[in-house]
Number of protein chains: 2
Amino acid sequence: MPSRMIVSRELADLLRLLAHPDRLRLIEELRLGEQDVSSIAAALDLPATRISQHLAPLRAHRIVEDRREGRNHFYRLTHPGIAAWIVEALDFVDVRNRFGEGSHIDHVRELWTADAPETSS
Amino acid sequence: MPSRMIVSRELADLLRLLAHPDRLRLIEELRLGEQDVSSIAAALDLPATRISQHLAPLRAHRIVEDRREGRNHFYRLTHPGIAAWIVEALDFVDVRNRFGEGSHIDHVRELWTADAPETSS
DNA sequence: CCCACACCTGCAAGGTTCTGCAGACTTGAA
DNA sequence: TTCAAGTCTGCAGAACCTTGCAGGTGTGGG
C-alpha cells in the first residue's frame, strides 16, 4: 500500500472539509482570535445552527479547538497558519470569467490579510 | 454583495476541485513536467477514461493546460506552484489517529518534494 | 495513393454514494 | 423555565465510477 495513496486520501479529506464557502469565511473569521458561536453567526450572517454544524467536522479534524466558558463555546484555529495558506490559494483561482473584476480577489486578499477586522465591504 | 462571499465561493470551488485523491496524485504527477493521458494513467494505475474525466474539470478551471501532439494530449500545470502549495497542507492534516505512523506524511513529503521521480514506494 | 484498422482521448448515460440543509429533539447552564 | 449549543433524521442535489460510444490521428496493407 503506497504511502502516497494513503496521504493523498487524507489530503483530499482535508481539502473537502475546507471546500465550503461558509467554512472558509468561518476560518478567516477566526484568524485574529477565538470567538463563540453566536459571534461567528452574527459576523457571517448565518443561523447559529449552521455554524455549529460546520464547526463539528472542523473540530473532528483538529482544524479548530474549542474552549467552554459557561454556556458559550469559544473556538480558535489549531494551526493559525492555515488562514494564510488559504489566502495563498487565491493565486490559483481562475480569473478568466471576470473581466476587470479580478479586483474582487485583491480586495478580499486585503481584507483577509489586514490585521484589523473589517466592518463593511 | 460582499466581495468575501463571492471569493469564498470561488475558493471553495477550487478546493472542492482538488479534494479528490486521484486528482491530487495527478497534480503531483505533473509536478516535474507535462505528460500525456496514458502515461498518467499508467503511473497512477487507473483507467485512462477516469484520468480524462478528472482532467476535464481541472482544465475548465485552468489548473492544467493541454497541448496536442498527434493523437496524444500532453497536460501540464498552469501554476507549477500549486503542487508545492498542496504539499504545505500536510502540516494541517490531523495526525491524531496514526500513532507513530505520521512518518507516512514525512515520507510522501519527501517523495513530492524531491526533484527526481520515484519508482517505488 | 488510398483505405481500413488500431490507438488515444473525450463525451454521455446509468446507478450508487456522499453532502448540505432544514427542522425537531436533547443536553446543559443560568 | 428560558436560552444556547449540539445531535439526529429525512430529503434534495451533486459527485463519483463504470460502461459504451464517437471523433480524430497515425499506421500498414493493398
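Throughout, a chain's letter reflects where its sequence line sits, starting with A, and its residues are numbered from 1.
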Could you state the [atom1]-[atom2] distance from [X] to [N], rounded to the nearest angstrom?
| X | N | atom1 | atom2 | result |
| --- | --- | --- | --- | --- |
| Leu18(B) | dA15(D) | CG | P | 14 Å |
| Asp22(A) | dC21(C) | CG | C1' | 11 Å |
| Asp66(A) | dG28(C) | CG | P | 15 Å |
| Leu17(A) | dA15(D) | CG | P | 17 Å |
| Arg68(A) | dG28(C) | CZ | P | 9 Å |
| Arg67(A) | dA5(D) | CZ | P | 13 Å |
| Glu34(B) | dT9(C) | CD | P | 13 Å |
| Leu24(B) | dC16(D) | CG | P | 12 Å |

Problem - Listed once per pair and sorted, the salt bridge (Lys or Arg N to Asp or Glu O under 4.0 Å) pairs that draw on residues 38-56 of chain B, sequence neighbours left out - result: Asp22(B)-Arg50(B)
Distance test, side-chain N/O of [X] to OP1/OP2 of [N], below 4.0 Å:
| X | N | result |
| --- | --- | --- |
| Ser38(A) | dA4(D) | no |
| Arg71(A) | dT27(C) | no |
| Arg59(A) | dA5(D) | no |

Would you say [X]'s side chain and [Y]'s backbone share a donor-acceptor pair under 3.5 angstrom?
| X | Y | result |
| --- | --- | --- |
| Ser39(B) | Gln35(B) | no |
| Arg25(A) | Leu44(A) | yes |
| Ser8(A) | Met5(A) | yes |
| Ser52(A) | Ala48(A) | no |

Practice task
Take Arg59(B) and Glu65(B) through the test salt bridge (charged side-chain N to carboxylate O under 4.0 Å, His left out) and record every step on the way to the result.
Solution key: CA-CA 6 Å; Arg59(B) 186 182 47 198; Glu65(B) 294 174 340; over 6 Å; no
Practice task
Please determine if Arg109(A) and Asp91(A) form a salt bridge, counting it only when a charged side-chain N lies under 4.0 Å from a carboxylate O.
Solution key: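 Judged by the 4.0 Å cut-off on N to carboxylate O distance, Arg109(A) and Asp91(A) do form a salt bridge.
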Exercise for the section: Run the salt-bridge test on Glu29(A) and Arg31(A) with the 4.0 Å N-O cut-off and return the result as yes or no. Expected result: no
Extract from the structure each pairing of a protein N or O with an N or O of nucleotides 14-19 of chain C at less than 3.5 Å, listing the distance.
from    : atom 1 : to       : atom 2 : distance (Å)
dT19(C) : OP1    : Arg16(A) : NH1    : 3.1

Problem - Selection: residues 45-58 of chain A, any non-hydrogen atom under 4.0 Å of DNA chain C - result: Arg50(A), Gln53(A), His54(A)
Problem - Parallel, tilted or perpendicular: rings of Trp85(A) and Trp85(B) (30°, 60°) - result: parallel
Exercise for the section: On DNA chain C, check which nucleotide each of Glu69(A) and His73(B) is closest to and give me the residue with the more 5' one. Expected result: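 It is His73(B) whose nearest nucleotide is closer to the 5' end.
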Exercise for the section: Classify the nucleic acid contact of Tyr75(A) as base, sugar-phosphate or nothing, counting any heavy atom under 4.0 Å across all strands shown. Expected result: sugar-phosphate
